There are 2 protein chains.
Amino acid sequence: MARKRQAPAIDPDEPYLQIGEVAERTGVTQRTLRFYEEKGLLRPPTRMDGGFRLYSENDIQRLERIKRLKRLLGFPLAEIKEMVDAEEIKLQLRSEYRPESAISQKKAQLVRAIEVTEKQYNLIRQKVDDMAEMQSKLEERLETFRTWMEHLDKEAAASRKERANV
Amino acid sequence: MARKRQAPAIDPDEPYLQIGEVAERTGVTQRTLRFYEEKGLLRPPTRMDGGFRLYSENDIQRLERIKRLKRLLGFPLAEIKEMVDAEEIKLQLRSEYRPESAISQKKAQLVRAIEVTEKQYNLIRQKVDDMAEMQSKLEERLETFRTWMEHLDKEAAASRKERANV
DNA sequence: CTTTAACTTAACCTTGACGTTGAGGTAAGT
DNA sequence: ACTTACCTCAACGTCAAGGTTAAGTTAAAG
């Protein structure tokens, strides 16, 4: 009944990385890791006896999601937190056992998650639309520039010829 | 001979808005306007005799571009500056007269403009792609959530029925 | 001509997101 | 046991992007 640590299994919950390695692997500083923890973006990792932090693959994945959101959206960390939190409700819901009594509570959580996700979705959709428009404008502009470039080349050729004909 | 303010003519270069009006019309604070000027994002507007700033429609349009880029990309102002600067090379090129001698110089400017625009374009394209992917993931997740919601509802109904049957 | 509203610069304050020491505790190799 | 690398927390520093007075100037209205 009791699940023992399977032999070579790489349980993503198994914490084994120290902060230095995480920093190196993910490209953020140790300070940033502690800072994110402090701000609730990363939940406190398990510690070894001496107090050293030990991170799991899950922690790293969460961090990568944070990085991605930050890069893409450029939002304040507080909002990023909301977003990743919403992502993880999924996992939380899945992992909870099911006393019948808690159904309504789970429902409430789910409702909340749906709200947040919808908000996110709309926000992203809006952004994608706006940026797509900007993208096509840039494309147009490039066309214009290249046309001008051709004109300039012709002008230059013409003026060279003229001078040669004098 | 002296051009008085033509009756209905709205030369976009004609400066006539004081900082307060600009702030109100664009929704940024006066401080922000001065700050952007200080940082080179807005070129120094013309001043009236007493030193009051007078903005033109062009200035406002530039500001709107800045706002838009900021909102969409969330980049630091330094980068936003580069972008709007690049946009304006276009106008500069258009407004320059054409001594034959300057063709090669204009060409160099144009090359530069194309480079910058291409960089911008690629950057935006990358972002749009990433965000589109994120968008579709969010869509999926919403589907999942809604399905779970249905399950929860059914469970709840079942448990109600059970209790009624005891 | 005075009052008031809008503007000026300058200086300091705030918040977010970390960077950078400093003083020590822990782990690992020799 | 010692050294060295890695870690702990705490505290102060910094930079961006403005916000917030303060003290004085100008424009406009009565």
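Values in this document were obtained by computation on a predicted structure and should not be read as measured data. Residue numbers begin at 1 in each chain, while the letters A, B, ... track the order of the sequences.
Annotation: salt bridge (Lys or Arg N to Asp or Glu O under 4.0 Å) contacts of A:K107 (sequence neighbours excluded): B:D153. Remark: A:D85 engages A:R62, A:K81 in a salt bridge (Lys or Arg N to Asp or Glu O under 4.0 Å) (not counting sequence neighbours).
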Between the protein and nucleotides 19-22 of chain C, which nitrogen or oxygen pairs are less than 3.5 angstrom apart?
| unit_1 | atom_1 | unit_2 | atom_2 | d |
| --- | --- | --- | --- | --- |
| C:dG19 | OP2 | A:T29 | OG1 | 2.6 |
| C:dG19 | OP2 | A:T32 | OG1 | 3.4 |
| C:dG19 | N7 | A:R31 | NH1 | 3.0 |
| C:dG19 | O6 | A:R31 | NH1 | 2.5 |

Tabulated below should be each protein N or O lying under 3.5 Å from an N or O of nucleotides 24-30 of chain C; please produce it.
| unit_1 | atom_1 | unit_2 | atom_2 | d |
| --- | --- | --- | --- | --- |
| C:dA27 | OP1 | A:G50 | N | 3.2 |

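OP1 and OP2 of C:dC7 both lie 4.0 Å or more from every side-chain N or O belonging to B:R53. At least one side-chain nitrogen or oxygen of A:K70 sits closer than 4.0 Å to the OP1 or OP2 atom of C:dC18.
Across the protein-nucleic acid pair, A:F35 atom CZ and C:dT15 atom C1' stand 10 Å apart, rounded to whole Å. Separating the CG atom of A:L69 from the P atom of C:dA17 is a distance of 14 Å, rounded to the nearest angstrom. Atom CZ in B:R47 sits about 10 Å away from atom C1' in C:dT9, given to the nearest Å. Taking atom CD of B:E38 as the reference point, atom C1' of C:dT9 lies 10 Å away to the nearest angstrom. Between B:E21 atom CD and C:dC7 atom C1' there is a gap of 13 Å when expressed in whole angstrom units. One interatomic measurement links the two molecules: CG of B:L33 to C1' of C:dT8, which rounds to 14 Å at whole-angstrom precision. When rounded to the nearest whole Å, the span between CG of A:L42 and P of C:dC18 equals 11 Å.
B:L42 and B:F52 are not part of a single hydrophobic cluster, where members link through side-chain heavy atoms under 4.5 Å apart. Cluster annotation: B:M131 and A:M134 are assigned to the same hydrophobic cluster (Ile/Leu/Val/Met/Phe/Trp/Tyr, side-chain heavy-atom contacts under 4.5 Å, transitive). Put simply, B:I19 and B:L54 are part of two different groups of oily side chains (I, L, V, M, F, W, Y) that touch within less than 4.5 Å, one to the next.
Note on A:R34: a base of the nucleic acid sits closer than 4.0 angstrom, heavy atoms only.
Of the possible polar contacts, one joining the A:K67 side chain to the A:T26 backbone as a donor-acceptor pair under 3.5 Å is found. For the pair B:D59 (side chain) and B:S56 (backbone), a donor-acceptor distance under 3.5 Å is present.
Note on residues 110-119 of chain B: pairs passing salt bridge (Lys or Arg N to Asp or Glu O under 4.0 Å), not counting sequence neighbours, are A:R146-B:E118.
Salt bridge B:R125/A:E139: absent, no basic N to carboxylate O contact under 4.0 Å. A salt bridge between B:E87 and B:R68 is absent, with no side-chain N of the basic residue lying under 4.0 Å from a carboxylate O of the acidic one.
With a cutoff of under 4.0 Å to any heavy atom of chain A, the contacted region of DNA chain D is bounded 5' to 3' by D:dC6 to D:dA11.
Annotation: of the two residues near DNA chain D, B:F75 and A:I19, the 5′-most nearest-nucleotide partner is A:I19.
Each of A:L73, A:L72, A:L77 was scored for a side-chain contact (heavy atoms from CB on, under 4.5 Å) with A:F75, with one residue passing: A:L73.
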